[in-house]
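Presented below is the structure to which this report refers.
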Amino acid sequence: MNNQNKYKFLSAKEIYQFALVSKGEDIRELADAIIASKDLYFICLFAKYVKGAPIDELADVVLVSKNAVYIYLFLSIVEGAPIDKFANALDTIHINENQIEKIADVLIESKKDISQFAQYVEGAPIDKL
C-alpha cells in the first residue's frame, strides 16, 4: 500500500501529529504524505519537530512555494535549515524590504554562514550582516 492511500484521509495536522508519536518506522511515508498535503505550515513544523525528518527535501518544498512567510518560518525554526539553498532561491522571490530584514535577522541570530544571503538577495542589509 503506498502512502497516498495509507494516509489519504488524514489532514496535514493529523499526519504531523501521528509523526510526532511514531517510532520512526513510518517517517519516510509520513514525510511524503505531509509534502503531498502542500500545507506549508505543517511542513515547517514537521521539519522542526519530527525526528528523522528529511529537512533538505522539506526545505525544497517550501522554497518551490516562493512564499516569503513560510521561508521565514522555516529558517527561523528549523535547526539545520540549508541556508545555501535559501540564499540562492531568495534571489528569485519578490519580497519586500521588511521581509528581507526579518529573514536577515533570523540568519544573523542563527550564527550561520550568511555570505550567500548577502550575495544573492538584492536589498540585503549588508551593514547588518
Side-chain angles (χ1 to χ4, degrees):
M1 177 182 272
N2 68 35
N3 64 338
Q4 289 179 337
N5 291 334
K6 190 173 182 179
Y7 300 110
K8 183 175 169 180
F9 298 106
L10 295 179
S11 68
K13 181 179 181 180
E14 291 167 328
I15 294 165
Y16 165 70
Q17 290 173 329
F18 185 69
L20 289 175
V21 297
S22 176
K23 300 261 191 257
E25 62 277 353
D26 288 340
I27 297 303
R28 177 71 254 170
E29 290 182 18
L30 290 165
D32 289 343
I34 202 83
I35 289 168
S37 78
K38 298 181 182 173
D39 188 316
L40 296 174
Y41 177 72
F42 284 105
I43 288 171
C44 291
L45 292 181
F46 194 98
K48 164 75 175 163
Y49 294 110
V50 176
K51 186 176 180 179
I55 293 174
D56 282 350
E57 189 176 338
L58 296 168
D60 289 342
V61 173
V62 173
L63 286 169
V64 167
S65 77
K66 295 188 178 187
N67 185 315
V69 171
Y70 290 105
I71 289 172
Y72 169 74
L73 178 63
F74 198 95
L75 284 171
S76 65
I77 68 171
V78 177
E79 185 77 27
I83 299 301
D84 55 333
K85 285 184 178 184
F86 281 87
N88 293 330
L90 287 171
D91 185 42
T92 65
I93 301 170
H94 301 291
I95 55 179
N96 66 42
E97 189 175 315
N98 185 39
Q99 290 171 321
I100 290 173
E101 288 281 332
K102 286 181 181 179
I103 293 168
D105 289 343
V106 168
L107 292 173
I108 291 167
E109 202 172 294
S110 72
K111 296 183 170 91
K112 295 178 182 177
D113 180 13
I114 54 177
S115 60
Q116 289 181 325
F117 177 76
Q119 178 183 356
Y120 291 107
V121 179
E122 186 177 327
I126 301 210
D127 56 326
K128 288 176 77 174
L129 302 173

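What you are looking at is a predicted structure, and each value in this text was computed from that prediction instead of being measured.
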Interatomic distance, CG@Asp39 vs CD1@Ile34, rounded to 0.5 Å, equals 6.5 Å

Shortest non-hydrogen pair, Ile27 vs Gly52, comes out as CG2-O, 3.6 Å

Would you say Leu63 and Phe74 make side-chain contact, with heavy atoms under 4.5 Å?
-> no

State, yes or no, whether a side-chain contact exists between Glu29 and Lys6 at a heavy-atom distance under 4.5 Å.
-> yes

Less than 4.5 Å apart, any side-chain heavy atom of Phe46 and any of Leu30?
-> yes

Beyond-backbone contact of Phe42 with Ile15, side-chain heavy atoms, under 4.5 angstrom = no

Sub-4.5 Å side-chain heavy-atom contact between Val50 and Leu20 | yes

Is Lys85 close to Asp56 at the side-chain level, that is, under 4.5 Å between some pair of heavy atoms?
-> yes

Please report the shortest heavy-atom distance between Ile77 and Cys44, naming the atom on each side.
-> CD1-O, 3.8 Å

Does Ile83 reach the side chain of Leu75, with side-chain heavy atoms less than 4.5 Å apart?
-> yes

Could you pull out the closest heavy-atom pair between Val78 and Lys48, with the gap in Å?
-> CG2-N, 4.0 Å

Of all the heavy-atom pairs spanning Ala53 and Ala47, show the shortest one and how long it is.
-> CB-CA, 4.2 Å

Could you give the distance from CG (Leu40) to CG (Leu58), rounded to the nearest 0.5 Å?
-> 10.5 Å

Contacts of type side chain to side chain contact (heavy atoms under 4.5 Å, CB included), residue Lys38, not counting sequence neighbours | none

Within-4.5 Å side-chain heavy-atom neighbours: Val62 and Leu73 | no

Indicate yes or no for a side-chain donor-acceptor contact from Ser22 to the backbone of Phe18 under 3.5 Å, with no hydrogens or angles considered.
-> no

Aromatic rings Tyr70 and Tyr41: how do their planes relate, parallel, tilted or perpendicular, breaks at 30° and 60°?
-> perpendicular

